[in-house]
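Everything on this sheet refers to the single structure shown next.
Quick note on labels: first sequence line is chain A, next is B, and so on, each numbered from 1. Being a predicted model, the structure only gives us computed values, none of them experimental. Basis for what follows: all heavy atoms, side chains included, without hydrogens, waters or symmetry-related copies.
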Protein chains: 2
Amino acid sequence: MPTRATAPPTLTTRQFELVAKALSDPRRMALLEAIGSAAEYPCHRLCEEFPVSKGTISHHTKELLRAGLIQARREGQYIYFELRRDTLTAYTHELTRRLGRMG
Amino acid sequence: MPTRATAPPTLTTRQFELVAKALSDPRRMALLEAIGSAAEYPCHRLCEEFPVSKGTISHHTKELLRAGLIQARREGQYIYFELRRDTLTAYTHELTRRLGRMG
DNA sequence: TCAATGATTTGACGGTTGTAGAACTGTCGT
DNA sequence: ACGACAGTTCTACAACCGTCAAATCATTGA
């Protein structure tokens with residue numbers, strides 16, 4: 001069976017922790033929401049629309065990348081982010097798996 | 001209409017942040033899993049089974065209580081914790097609601 | 001080649017956090 | 001009343017985190 005192109009249905013312990021950590025900061029969560037609001041979201045628009053410095057934006061997006069919550073596509077001098085919903089579902093599934101059946 | 005005894009189907013912004021923060025620490029997550037592994041879990045068993053001090057256990061359970069992820073019942077000198085799965089479902093639902101439809 | 005724009009990296013700073021240990025409160029048996 | 005046990009609170013500390021500013025890298029256009 002070939003390796004799946006999309007996403008693993010389950011997360012490693014390490015990645016589970018990274019996702020939880022990434023979601024724990026309100027600002028980072030807001031950035032993630034913005035990115036998820038469109039099919040693709042240009043990085044410089046995040047810089048325009050959030051009252052934080054470029055460096056901070058870069059820091060947060062790096063964390064989101066590490067967690068696998070977004071992916072980046074470079075096009076010339078621009079970078080476009082895309083929300084990875086598969087990682088999110090994997091996270092919520094792992095959460096419910098660890099904490100028994102939920103309502 | 002009377003106030004519901006169980007849990008709100010949706011979380012306030014504040015509570016959403018508290019839950020995300022509470023879930024972001026691996027140790028606290030492990031404590032939550034232990035509590036969720038039974039209908040009720042006595043506090044002193046957490047102290048026995050985790051290699052951290054009493055003070056640290058108390059600190060973490062306090063955070064879990066603040067987030068509404070557990071509830072406590074006192075019985076004499078003992079305290080029993082119970083996982084609140086309703087808060088967890090509310091959290092995952094809010095997460096998916098904020099990030100658009102997911103797989 | 002040079003200037004301008006987009007993005008990353010580095011260094012520093014203040015606030016937060018996980019942790020231990022000691023002191024304290026509360027409850028049970030004897 | 002007293003000692004043992006369960007839990008909380010306080011203090012202190014090292015590590016981490018979000019943030020900015022400045023420097024640096026990368027890419028495009030003139």
Spacing of [X] atom [atom1] relative to [N] atom [atom2], expressed in whole Å:
{"X": "B/Leu64", "N": "D/dG7", "atom1": "CG", "atom2": "P", "value": "15 Å"}
{"X": "B/Lys62", "N": "D/dT8", "atom1": "NZ", "atom2": "C1'", "value": "8 Å"}
{"X": "A/Tyr78", "N": "C/dT5", "atom1": "OH", "atom2": "P", "value": "10 Å"}
{"X": "A/Arg73", "N": "D/dT27", "atom1": "CZ", "atom2": "C1'", "value": "16 Å"}
{"X": "A/Ile79", "N": "C/dT9", "atom1": "CD1", "atom2": "C1'", "value": "13 Å"}

### Message
Quick check: closest heavy atoms across A/Leu83 and A/Ile70, and the distance to 0.1 Å?
### Response
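Nearest pair, atom of A/Leu83 first, then A/Ile70: CA-CG2, 4.3 Å.
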### Task
For B/Gly68 and B/Thr87, work out which heavy atoms get closest and say how close.
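Looking at all heavy atoms of both residues, the shortest contact is O-OG1, 2.7 Å.
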With sequence neighbours left out, write down each residue that passes side chain to side chain contact (heavy atoms under 4.5 Å, CB included) with [X], or none if nothing qualifies.
{"X": "B/Arg74", "value": "B/Ile79"}
{"X": "A/Arg66", "value": "A/Arg14, A/Leu18, A/Glu63"}
{"X": "A/Ala34", "value": "A/Tyr41, A/Leu46, A/Phe50"}

### Query
Taking protein heavy atoms under 4.0 Å as touching, what does nucleotides 17-30 of chain C look like 5' to 3' if B marks base contact, S marks sugar-phosphate-only contact and - marks none?
SSBB-----BBS--
### Query
Under the 3.5 angstrom rule, does the side chain of A/Ser24 hit a backbone N or O of B/Ser24 as a donor-acceptor pair?
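No.
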### Query
Does anything in residues 11-39 of chain A pair up under ring-ring contact (aromatic ring centres under 6.0 Å, His included), and if so which pairs, sequence neighbours excluded?
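Every ring-ring contact (aromatic ring centres under 6.0 Å, His included) pair that includes a residue of residues 11-39 of chain A, provided the two are not neighbours, is A/Phe16-A/Tyr91.
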### Close residues, residues 41-48 of chain A, relative to DNA chain C [heavy-atom separation under 4.0 Å]
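Residues of residues 41-48 of chain A that come under 4.0 Å of DNA chain C are, in numerical order, A/Cys43, A/His44.
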